[in-house]
Structures are given as C-alpha cells and as structure tokens.
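These notes are about the structure you will find just below.
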Amino acid sequence: MRIGIYGGTFNPPHQGHMLAARIALEALDLDRLILIPTAQPPHKDLPAGSPTAEDRLAMTNIAADNLLWPAISVSDLELRRAGRSYTADTIEALHRQYPDDELWFLMGADMFLSLQNWHEPERIMACAGIAGFARAADQEEELERQAELLRQKYQARVKVLRLHDTAEISSTQLREMLLQDKGWEYLVPAVRGYILMHGLYGTHADLRHLDLEDLRACSYSMVKAKRLAHIRGTEEEAVRLARRWGGDEELARKAGILHDCTKYLNLEEQLQLCEKYGIVLDELEQKAVKLLHAKTGAAIARHVFGMPEAICSAIFWHTTGKADMSLLEKILYMADYVEPNRRFDEVEELRRLAYSDLDAAVLRGCELSIVDMEERGQPVHRNTLEARDWLREH
Ligand code: ATP
Ligand code: MG
C-alpha cells in the first residue's frame, strides 16, 4: 500500500489543504491519505485564542469527510501524545504501524524548503519519501533545487508535485480575514458552520438569527457529508411543494435545511439531548435511535436556532407522521420521502401524487412505511398508524 501522511496545524483547515490533499492522492497514486493535526508545532506556538486541539481535530475531520473520499482519514496520533510534536516521532510510529507499506510525507513549500533544519530530519527521510508541493505559482524551480539537495544529503526519496492549481491562502491570513467576517469562501460550508456554532476565531454569530447560507452551514457541520445531497434535495423539494400547495416557502426551506441535523448522534447523545430539552419518550423511542433524530432535531431547531413552532413541529413529526398534520408537516414529510435522490420502486408514483393530492400522498407514504417496517420485522410507531387511520377517515 502507498500511504500519504499530511500533517499540519489545520487552524483552520482550508481550501489550500484540501486542494493539496486531492492532488497528492492522484499524483502519488495513494491508497490512503492520513491527515494528522499536530498538537503543538515545534517551530511555532499556536496563536493566542486558538481553538482547542479537539476543535481543530473536529474541523479536520469535517473537512476530510467533505472530500467524500473513502481513502482519506484523520489521525489523532499527535494530539494524544504529550509535549511537543516532532514529525520524526510521528513518522517512525507510522512506519512501525505500517512496516510493509510505502510512506510519503506531504508538505507545502514553506515546510519543504526548511526540512533540513527540522528536528532530526534524517529520521523522517529514513522512513518516508518526501513529497513537496508549491503553495504559490512559480515556486517549482526552487522546489526542484531543494529536492536535489535532500536527495544528496540524506539519500532521500523526494518528489516535487505539480499542482495545476494553487490556493494562495494560509490559515494565518484566513484567521485575520474571519475576524472581519471575510474569507469564508476558503472553507467548506460545514467547517464554516462548525466555526460559527462554536464561536471560533472571534466570530460571534447570533445562531438564532442566521441567514440561510449560515443556517445551511451549521446544519451541514453536524452531519456526514454523504447526507448533504439528501438534505439539499429535501430543502428544494419542500420549497416546490410549498409553492404547489400555498404553504410558506421560507418555513418549508428552513425545515428542510434542519430536518436531519441530529441524524448522526448516537443513542447516548440523543438521550442526553432528550433529557436536556425535556423530551418525553415512549418505550419504542427509547430504543429506536432512528426515531429520535426527529425529536432532537426539533429541539435543536427551537433552542439553538430559534426556529418558530411551525418548523419545529414539522421536524418533530417528519419521520413518523401523526394524525391531523399541518400543511408544513405534510410538506416536510413528503419532501423527505420523494426528494430527487430517493430511489425505491414506488417513488415516481408517490412524487406524482405529492403534487396532485397531498393527503393521498401522505397516506400512501404512511402505508408504504408500515409495510416496509412489517416486512423487516420491526415495530411500527403508533403515530404512523394514527396518521394512516386519520387520513383514511378524512
Ligand atoms: P498557518 O498560517 O497557521 O501556518 P497554514 O495555512 O500554513 O497555516 P498549516 O496547517 O501550517 O497551514 O499547513 C499544513 C500543511 O499544508 C503544510 O505542509 C503547508 O505547507 C500546507 N499548506 C497550507 N496551506 C496550503 C496551500 N494554500 N496550498 C498548498 N499547501 C498548503
Ligand atoms: Mg504554515
């Protein structure tokens, strides 16, 4: 296996890091790429007011996840180690962990050009090849000279990667920009959301009055990137349905954006939120983690993002449905069911029905869910049965 190792403070991880990661994966034909946030870099102290190591780790995880590349992972190896982080120790540890694999240590020009001045660089180059890449245009000649020097002095394996594109940004510049509410375009939305939700880098967003873009970013920061297509699809479908049925488009949009925001919390985290926000659970709900995200999502929408009751209740009922649903509740229920990324046998029929007879569509949706749960031998929530019965009678 060929494994890339990409260390950095990632304070915060930005477009330049992600571009380099993507290009290195291809150029070195890597089977795996491991991002390693450093605890305390030997050559510089973290600037005052920097986020905690946990926050940098979380942001790096989010950034990596948003590349949607299974070959990329994030390691907390250096964060778990006490004291100053020396790359030589890290690379040797990885070499011991992967003795038969070919390691490549990636670094941008600033790091690459000073490698001989690092702590015991010979130990690094004994265990891993070095892949240096430019951070700005016209750096390649300088990088090639340095590569030759490292080869001669350390018998190192060295490659200079050609980035056909560079993002001339550093975390230092970006932190300054964020203080002035600029530079957001260098971050993936989910990292932006994490920064806003945790008030990092001097941001003081009022989470209860976010514009749509920031609301999306916050929601995206809480879920896995593979779910974003579904969340975007639900947002758009909810708006289309609101337009069709005379509902409030803005409420529908926000309900779509937030509806799955707690989807990836585990059972314990879900139960903690239920406790915190006084959500009472029946017996089935206490065990079925899939049912809980609707309730906790509604609580987050209300208490964190200050959403109005209509939105919170649409989120609350979006998984099970219930008797006598409001228009917005029906819209979100159906949008989640038939948004463009959904694939199942009856989806076309259900999509048509959603635009010709909303109640009939919700009824059909409930019936399909009931059959599906029964076929899988799982208990059906009584709210779904009540929703079906109510719609049959009305
Ligand atoms: P800081 O300004 O805090 O030093 P940084 O932007 O340089 O942050 P680091 O976390 O120090 O980011 O960098 C980690 C690695 O990513 C280094 O090898 C660095 O050279 C590389 N890198 C950082 N920014 C870019 C960029 N814009 N393009 C290519 N590589 C980059
Ligand atoms: Mg740097």
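Atoms within a ligand are numbered from 1 in the order they appear, just like the ligands themselves. Position 1 is the first residue of the sequence; numbering continues from there.
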- Between Glu168 and ligand 1, which residue portion shows a heavy-atom distance shorter than 4.0 Å: side chain, backbone, both, or neither? neither
- Check each heavy atom of His14 against ligand 1 and say whether those closer than 4.0 Å belong to the side chain, the backbone, both or neither. side chain
- For the residue pair His14 and His17, does the interplanar ring angle fall in the parallel (under 30°), tilted (30 to 60°) or perpendicular (over 60°) class? parallel
- Task: Answer yes or no: does atom CD of Glu275 have more than 12 heavy-atom neighbours from other residues, nucleotides or ligands under 6.0 Å?
- Result: no
- Query: At their closest point, which heavy atom of Arg32 faces which heavy atom of Ser73, and how far apart are they?
  - Reply: NH2-OG, 3.2 Å
- Message: Quick check on Asn11 - does any of its heavy atoms sit under 4.0 Å from an atom of ligand 1?
- Response: no
- Message: Going by side chain to side chain donor-acceptor pair (under 3.5 Å), Asn11 matches just one of Ser171, Ser50, Ser170. Which one?
- Response: Ser50
- Message: Within the structure, is a non-hydrogen atom of Arg175 found at a distance of less than 4.0 Å from ligand 1?
- Response: yes
- Would you say Gly7 contacts ligand 1, with heavy atoms under 4.0 Å as the rule? yes
- Query: Using a heavy-atom cut-off of under 4.0 Å, does the side chain or the backbone of Asp110 touch ligand 1, or both, or neither?
  - Reply: side chain
- Can you measure from CG (Leu251) to CD1 (Ile331) and round to the nearest 0.5 angstrom? 9.5 Å
- Message: Looking at ligand 1, is there an atom of it that comes within less than 4.0 Å of some heavy atom belonging to Phe112?
- Response: no
